Asker: 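Before I ask anything, here is the structure I am working with.
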Amino acid sequence: MSNYQASERAINDVYKNAHIALQSIADILPAVEDEDFRTELKAQYEGYEQTLGEIASFMAEKNIKPKDIGPMKKAMLWSAIKMKTMVNNSRNQIAEMMLKGTEMGINELTAMKNEKENYDEEVTCYIQKLLRLEEDYEERLRKFL
């Protein structure tokens with residue numbers, strides 16, 4: 001696989017990572033009753049939204065078509081969140097769900113970062129930027145456990 005192909009796949013994976021986080025927050029916000037936690041999730045949503053916009057602009061400049069998460073994956077994500085919050089919508093439960101998702105994103109981005117020699121420098125910068133953002137959010141979510 002060429003460096004260009006690896007970079008294209010990587011930036012799409014970074015795009016999807018941020019998009020899934022954004023979608024998850026949107027799906028979970030209606031179940032959050034704690035105002036401090038809602039405020040934190042809204043701030044995280046804005047951070048992901050801004051980063052996603054930057055990634056999308058970069059992709060447009062490079063003529064890379066974003067591969068969105070499919071409707072089936074969105075539906076599965078939505079239904080999993082709804083089922084878990086119907087059973088228990090405590091702040092602790094929701095924070096734990098968000099932490100698990102954030103940790104999955106961190107793990108994926110860390111693996112990508114460790115392969116940085118396969119990607120263009122600009123793609124590596126977006127990997128690192130989203131990784132730092134998610135590591136910050138992970139730390140901030142812990143206070144809601």
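Since the structure is predicted, the reported quantities are computational estimates derived from the model, not experimental observations.
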Asker: Does any part of the side chain of N17, heavy atoms only, come nearer than 4.5 Å to the side chain of E134, both counted from C-beta?
Answerer: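 Sidechains of N17 and E134: in contact.
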
Asker: Without hydrogens or angle criteria, can the side chains of E40 and Y137 be said to hold a donor-acceptor pair below 3.5 Å?
Answerer: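 Side chains of E40 and Y137: no pair found under 3.5 Å.
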
Asker: Would you name the heavy atoms of L41 and I25 that are closest together and state the gap between them?
Answerer: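 Looks like O-CG2, 3.6 Å.
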
Asker: I'd like to know whether CD of E117 has more than 12 heavy-atom contacts from other residues, nucleotides or ligands below 6.0 angstrom.
Answerer: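 Yes, CD of E117 has more than 12 neighbouring heavy atoms, counting only those of other groups under 6.0 Å.
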
Asker: Find the distance between CD1 (I94) and CZ (F144) and round it off to the nearest 0.5 Å.
Answerer: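 Separation between the atoms: 11.5 Å.
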
Asker: Quick one: pull up OH in Y48 and CD in Q23 and give me the separation to the nearest 0.5 Å.
Answerer: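 Here the rounded value is 13.5 Å.
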
Asker: Given R142, which partner from the list E96, E135, E103 fulfils the salt bridge (Lys or Arg N to Asp or Glu O under 4.0 Å) test?
Answerer: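 For R142, the salt bridge (Lys or Arg N to Asp or Glu O under 4.0 Å) test succeeds with only one of E96, E135, E103, which is E103.
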
Asker: Quick check for you: to the nearest 0.5 Å, what is the distance between I127 atom CD1 and K116 atom NZ?
Answerer: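 Separation between the atoms: 10.0 Å.
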
Asker: If you compare all heavy atoms of R140 against all heavy atoms of A43, which two are closest, and at what distance to 0.1 Å?
Answerer: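 Taking every non-hydrogen atom into account, NH2-CB, 3.9 Å.
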
Asker: Flag yes if I106 and L145 sit in one hydrophobic cluster, no otherwise; membership is Ile, Leu, Val, Met, Phe, Trp, Tyr, and two members link when side-chain heavy atoms are under 4.5 Å apart.
Answerer: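 Yes; L145 is reachable from I106 via cluster members.
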
Asker: Would you say L29 ends up clustered with L52 if hydrophobic residues are merged whenever their side chains have heavy atoms under 4.5 Å apart, either directly or through other cluster members?
Answerer: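 Result: yes, single cluster for both.
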
Asker: Show the nearest heavy-atom pair for residues S7 and N118, with the distance to one decimal.
Answerer: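 Scanning both residues completely, I find the closest heavy atoms to be OG-O, 4.1 Å.
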
Asker: Is the ring pair Y126/F58 parallel, tilted or perpendicular, if the boundaries are 30 and 60 degrees?
Answerer: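 Plane angle between 30° and 60°, so tilted.
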
Asker: If you take all heavy atoms of M59 and P66, which pair is closest and at what distance?
Answerer: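 Shortest heavy-atom separation between M59 and P66 comes out as CE-CA, 3.4 Å.
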
Asker: I need the K62 NZ to E122 CD distance, nearest 0.5 Å.
Answerer: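 If I round to the nearest 0.5 Å, the distance is 4.0 Å.
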
Asker: Quick check for you: to the nearest 0.5 Å, what is the distance between M97 atom CE and N92 atom CG?
Answerer: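 Reported value, rounded in 0.5 Å steps: 12.0 Å.
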
Asker: Quick one: closest heavy-atom pair of K67 and N12, and the distance?
Answerer: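 Shortest heavy-atom separation between K67 and N12 comes out as N-OD1, 2.6 Å.
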
Asker: What distance separates T51 OG1 from L133 CG, expressed to the nearest 0.5 Å?
Answerer: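 The OG1 atom of T51 sits 5.0 Å away from the CG atom of L133.
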
Asker: Any link between M104 and L99 through a network of hydrophobic side chains (Ile, Leu, Val, Met, Phe, Trp, Tyr) touching at under 4.5 Å?
Answerer: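 Looking at the clustering, L99 is in a separate group from M104.
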
Asker: If you define the side chain from C-beta out and look only at heavy atoms, does anything of M112 sit under 4.5 Å from E115?
Answerer: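 No, every pair of side-chain atoms sits at 4.5 Å or beyond.
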
Asker: Would you indicate whether the side-chain heavy atoms of L141 and Q44 approach each other to under 4.5 Å?
Answerer: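 They are in contact (side-chain heavy atoms under 4.5 Å apart), so the answer is yes.
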
Asker: Indicate the atoms forming the closest heavy-atom contact of I64 with E8, along with that distance.
Answerer: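 Taking every non-hydrogen atom into account, CG2-CG, 3.6 Å.
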
